[in-house]
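In what follows, a single structure is set out as structure tokens and then discussed.
Every heavy atom of this structure was used, including side-chain atoms; hydrogens, water molecules and symmetry mates were not.
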Amino acid sequence: MPIAELRQRTSTKWRKYGEDVLPFFVAETDYALAPAITEVLTRAVQLGDTGYTPPEPGVREAFVGFAERRWGWRVDPSHVFWTGDVMMGVVEILRRVIEPGERVVVMPPVYPPFYDTVEEAGGVVERVPLLAHDAGWEIDLLGVEAALAGGARAVLLCNPHNPTGTVHAPEALAALADIAEGLGATVISDEIHGPLTYAQKPFTPFLAASESARRVGYAVTSASKTFNLAGLKCAVMVGGGDAQAKELRALPWEVEWRTGLFGALSNVAAYSPESDEWLQSLLAALDANRLLLADLIAEHLPQARYLPPDAGFLAWVDLAAYGWGDNPAVKVLREAKVALHHGPLFGTEGKGHVRINFGCDPELLREAVHRIGFLARG
């Protein structure tokens, strides 16, 4: 989509900064909507269908079908519920499984709202950073076990992980579930980037990893990140077993009512078979961009460190070698006029890092990295 058209959008990505800035910070993509979504929303507007979300909007059935087609995951429909967005769902589940003041494990560097979400639910963040190595990142299972043995009552998992793009191995997820079950803890898995996993490392939903995962776990997800629907407000909450489904069913009635009608309509369309071809084309474009970004960084920012993600359209880039301080995004915005996400917001492990959104036209990505490279060359 041409940048002149994109600048007509009124979302955060295109309104936070002036027209001299290229926006690569927030997780919105620049692509046209899937045709099935455009059709259902257009029809709703034509009908004046802008009222309250009905008790059975079809989200449950659409998600169950999508999960089986996409991942071979057979979800019990009676375990599926919905709310306004993923973080709403996480907060409400946390309120059911922890007492005020209890600790919740998070794995930095991680999506900044994770910290706020734990606090909103009355919990206390316990940091167990991912283990970093040359080939990527992985869960520190010994660290999680020590935290749970020390009294933490829940784990907030990001699978696939934001910002690193790590798709956690099924063996690691099963081991995490065993640890949680052995120590009486709950695992809540944010899986919003799951549909955006590349073929090289298939995605395993946490609740599909093992029987123990189903006994201790919840998953919260949405079509919003994949299909660029964040403003429409709809997410899915899945309980691993009957006990978890009972907790979800007992949530206050307004948790479900927070779901937007347009969000429900668009999620149903996104999860339908009619949108599968569009999703495959999106993945092809993003796959090309994540590799293009590697080439651009090698050419223009040779001292930077970047490992192409296993999933998603977000790149985690270490710019520490350039001496631009703990938060390089500040200098990049001020002097190169490129807006990147601030690394330290993801945790202390994010010092010297930026997060770059590559869900855009390749030429826009080239221009952004060229500007940053010019800054690096002084």
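- For CG of Asp20, the number of neighbouring non-hydrogen atoms (other residues, nucleotides, ligands) closer than 6.0 Å is greater than 12.
- No side-chain donor-acceptor contact under 3.5 Å links Asn159 and His168.
- The distance between the ring centers of Tyr52 and Trp257 falls below 6.0 angstrom.
- Aromatic ring orientation, Trp316 versus His353: parallel (interplanar angle below 30°, classes split at 30° and 60°).
- Looking at His341 and Asn357, their side chains never bring a donor and an acceptor atom within 3.5 Å of each other.
- Side-chain polar atoms of Thr186 and Arg96 form no donor-acceptor pair below 3.5 angstrom.
- With ring centers used as reference points, Phe358 lies 6.0 Å or more from Phe313.
- Judged by distance alone, the side chain of Tyr31 and the main-chain N or O of Leu282 form no donor-acceptor pair under 3.5 Å.
- In the model, Asp178 has a side-chain atom that pairs as donor or acceptor with a side-chain atom of Ser212 under 3.5 Å.
- Here the two rings, on Phe25 and Tyr17, have centers that are under 6.0 Å apart.
- The main-chain N or O of Arg305 is never found under 3.5 Å from a side-chain atom of Asp318 such that the two would form a donor-acceptor pair.
- Ring geometry, Trp71 versus Trp73: the interplanar angle falls from 30° to 60°, so the pair is classed tilted.
- Among the candidates Val144, Val106, Ile139, the single residue satisfying the side chain to side chain contact (heavy atoms under 4.5 Å, CB included) test with Val155 is Val144.
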Give the intermediate values and the outcome of side chain to side chain donor-acceptor pair (under 3.5 Å) for residues Ser78 and Arg249. CA-CA 10 Å; Ser78 70; Arg249 202 171 290 112; 4.9 Å; no
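- Hydrophobic clustering of Ile, Leu, Val, Met, Phe, Trp and Tyr side chains at less than 4.5 Å, counting indirect connections, keeps Phe206 apart from Val220.
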